[in-house]
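Any value given below was found using the heavy atoms of this structure, including those in side chains, with hydrogens, waters and symmetry copies removed. All figures in this text were calculated on a predicted structure; none of them were measured in a lab. The chain is numbered in sequence order, starting from 1.
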Amino acid sequence: MKTATHIRTCIILFFTALAAGCGDRPLLTEMGTNRLMVVLKGTYESDSPMPWSMPDPDPLDLDYNTLLLDDSVDDCDGVGPNPSFLMMDIAELKLLDSKGKQYRFANYRQTFAFPFSDLEPFFSGIGVVLENDDVPFKKEPYVAVGLYIRKMLTDNAIRFYPSEDGWKSLYMWDSFDSEDLPSFNFNKFQIHSFYDTLRFEKAYINRVYPLIVPITDLDTGNLGFFFNKTPPLTVLEIRMVVKNFVKKYEYESYPNQVHYFALSDWLQNVEPEEMNIGGNIITVVRTYVPGMTGTIRGSNGPEARHIIAVPHGADISLYTLNTDPYGTSFGDDVRTNNPCNLPMGPGLYLGTSISLALDYYLEVEKNKKTWNDRVPDRCGDFATYQQNWNTFAREVGSDFRLPPLAVYAEENMDFTISNVPPGRYDLYRANVDPVYGRLYEDGEFTPYGSNPVTVSIGSVTDVSF
């Protein structure tokens with residue numbers, strides 16, 4: 001396991017080398033032959049992330065119940081401590097070119113333990129460097145990166161079990177980096193975006209392993225980036241939303257109830273007693289050449305807000321979620337509004353326990369009731385079913401992406417967006433407060449300043465609210 005101290009040392013050396021460069025040639029090129037560096041961040045923001053705001057574990061606290069608890073937490077009200085670490089086991093990295101060919105350029109198993117701290121590079125905006133080999137110089141673009149994550153674990157998962165004296169609890173254990181640790185691998189439950197048995201896609205939709213992330217050129221907006229011999233160093237920055245995006249889940253393993261922490265569920269509405277939480281890793285990739293970028297600076301207004309920069313002319317709704325693309329208003333987000341998100345029935349019970357058999361038949365009746373609530377009133381025919389699931393897949397797929405450049409600006413404070421590739425950008429400022437465990441929705445960004453903003457090599461572009 002790479003310790004936080006080791007990671008910080010590597011990052012400090014990396015940025016010190018960049019700062020010590022002569023002109024536009026960073027001295028980092030003297031440290032090795034690789035011309036591609038992979039940096040992994042666990043933040044929504046590319047610069048100056050929002051501080052951690054995880055609610056305290058207090059069942060009487062409204063923020064704890066509404067922000068930290070997923071709606072799957074239903075049967076057991078036992079309260080344990082919040083998680084303090086994210087552990088990640090990465091098997092390898094691959095690049096995919098425009099012809100569909102794959103290039104394995106990091107065939108190394110890399111394990112990390114990231115403390116949930118604003119000082120941890122993974123969460124501070126600096127990022128951690130992943131070990132990799134060089135990739136071929138090509139005339140055609142690389143269009144996506146494949147991140148093969150074997151495990152993602154958090155600590156402080158608790159199993160509650162009944163006894164004569166009431167509920168008792170034990171911490172869950174799992175293996176990580178060849179050791180048994182008090183941890184829980186939630187990656188095994190991130191199976192797919194929806195599991196509805198009537199859909200053919202249930203057999204192959206997987207957003208987790210491998211995690212395939214498209215690469216978009218920020219200047220042109222086209223898919224992919226060109227990697228050649230000219231720049232001494234190219235940075236491939238992978239951002240996955242972890243910070244302020246962790247929630248508590250519950251699942252039943254009769255007679256036990258298990259509470260664990262995982263990434264906030266934005267794809268699948270996890271009902272009580274369900275185990276799968278959907279492939280909900282949200283990721284964006286950008287590339288830049290150190291020394292060949294510019295900077296955007298500005299001042300924020302009286303409220304702390306996120307400010308994002310997107311390629312000029314891009315539709316801002318691509319970077320927000322439409323909560324109700326179905327026109328139903330059955331819930332409060334894109335998952336619960338889907339009238340054809342039908343429940344998964346319980347598996348066939350083959351045991352001999354009378355208590356378990358009774359629980360099974362109760363689950364069957366509960367599943368029937370939920371079906372009857374939605375069919376035929378909400379989802380009365382297969383054509384409607386297909387249409388609404390296709391709408392869902394489009395809204396959370398091709399019609400949604402993370403902003404390539406984002407910064408969290410405190411109230412009445414200056415902000416800086418760094419390492420911006422040359423080009424023209426439109427800036428937007430959130431018009432609502434950020435909410436823990438939640439993404440932005442349509443209409444929650446408004447233009448910031450006068451768009452477009454032009455960035456050139458070495459430029460410092462000042463903008464104002």
Side-chain angles (χ1 to χ4, degrees), residues 70-72 96 98 100 143-144 146 189-216 221-224 240-241 263-271 274-285 310 314-345 367 370-403 438-445:
D70 180 81
D71 51 10
S72 65
L96 292 74
S98 57
V143 297
F189 289 157
Q190 294 185 152
I191 307 301
H192 37 61
S193 61
F194 53 86
Y195 53 64
D196 210 303
T197 53
L198 297 180
R199 290 290 291 194
F200 173 73
E201 294 93 330
K202 78 180 184 66
Y204 69 86
I205 287 184
N206 186 324
R207 293 173 180 262
V208 179
Y209 190 94
L211 182 64
I212 303 298
V213 190
I215 305 173
T216 302
N222 297 324
L223 188 66
M240 50 194 306
V241 182
L263 303 185
S264 179
D265 175 33
W266 69 292
L267 275 176
Q268 182 170 294
N269 185 30
V270 185
E271 304 289 349
E274 291 180 349
M275 297 183 71
N276 291 344
I277 58 177
N280 51 9
I281 300 180
I282 310 171
T283 316
V284 65
V285 173
V310 302
D315 185 353
I316 185 59
S317 67
L318 292 175
Y319 303 94
T320 56
L321 285 175
N322 181 354
T323 61
D324 189 18
Y326 327 95
T328 58
S329 298
F330 291 140
D332 59 1
D333 56 37
V334 67
R335 308 163 305 144
T336 56
N337 269 314
N338 185 352
C340 295
N341 184 12
L342 305 179
M344 182 174 63
N367 184 70
T370 306
W371 266 74
N372 290 332
D373 287 343
R374 299 183 181 182
V375 180
D377 293 339
R378 298 184 181 182
C379 190
D381 55 74
F382 192 67
T384 302
Y385 180 88
Q386 285 184 308
Q387 177 183 350
N388 284 317
W389 269 119
N390 289 337
T391 298
F392 171 86
R394 182 176 61 252
E395 179 59 35
V396 302
S398 60
D399 285 354
F400 174 73
R401 62 195 65 169
L402 285 182
R438 174 183 171 276
L439 297 170
Y440 285 101
E441 299 170 355
D442 286 358
E444 294 186 341
F445 279 105

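At least one donor-acceptor pair closer than 3.5 Å links the side chain of Thr328 to the backbone N or O of Asn337. In terms of modelled atom types and a separation under 3.5 Å, the side chain of Asp399 and the main chain of Leu318 share no donor-acceptor contact.
Expressed to the nearest 0.5 Å, how far CD of Glu444 lies from OG1 of Thr320 amounts to 8.0 Å. Trp371 contributes atom CH2, which lies 8.0 Å from atom SG of Cys379 (distance to the nearest 0.5 angstrom). Interatomic distance, CG of Asn390 versus SG of Cys340, reported as 10.5 Å (0.5 Å rounding).
Looking at heavy atoms from C-beta onward, Leu321 lies out of side-chain contact with Tyr440 at the 4.5 angstrom threshold.
The side-chain contact (heavy atoms from CB on, under 4.5 Å) test applied to Asn372 returns no partner, not counting sequence neighbours. Applying the side-chain contact (heavy atoms from CB on, under 4.5 Å) rule to Asp332 yields the partners Thr336; only residues at least two apart in sequence or on another chain are considered.
Closest heavy-atom contact between Val285 and Pro214: CB-O, 4.0 Å. Taking all atoms of both residues into account, the shortest heavy-atom contact from Thr283 to Met240 is OG1-CB, 3.9 Å. The shortest non-hydrogen separation linking Leu439 to Phe400 is CD1-CZ, 3.8 Å. Taking every heavy atom of both residues into account, Glu395 and Val334 meet most closely at CG-CG2, 3.8 Å.
A cation-pi geometry, defined here as NZ or CZ lying under 6.0 Å from the six-membered ring centre and within 45° of its normal, does not hold between Arg335 and Phe392.
In this structure, a donor-acceptor pair under 3.5 Å is absent between the side chains of Thr323 and Asp333. A donor atom on one side chain and an acceptor atom on the other are found under 3.5 Å apart for Thr384 and Asp381.
Sorted by first and then second residue, the salt bridge (charged side-chain N to carboxylate O under 4.0 Å, His left out) pairs involving residues 319-330 (not counting sequence neighbours) form an empty list.
A ring-centre distance under 6.0 Å is not found for Phe445 and Tyr319.
Using cut-offs of 30° and 60° for the angle between ring planes, the Tyr385 and Trp389 rings count as perpendicular.
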Check the pair Leu263, Val241 against side-chain contact (heavy atoms from CB on, under 4.5 Å), reporting the backbone distance first and the verdict last. CA-CA 8 Å; Leu263 303 185; Val241 182; over 6 Å; no
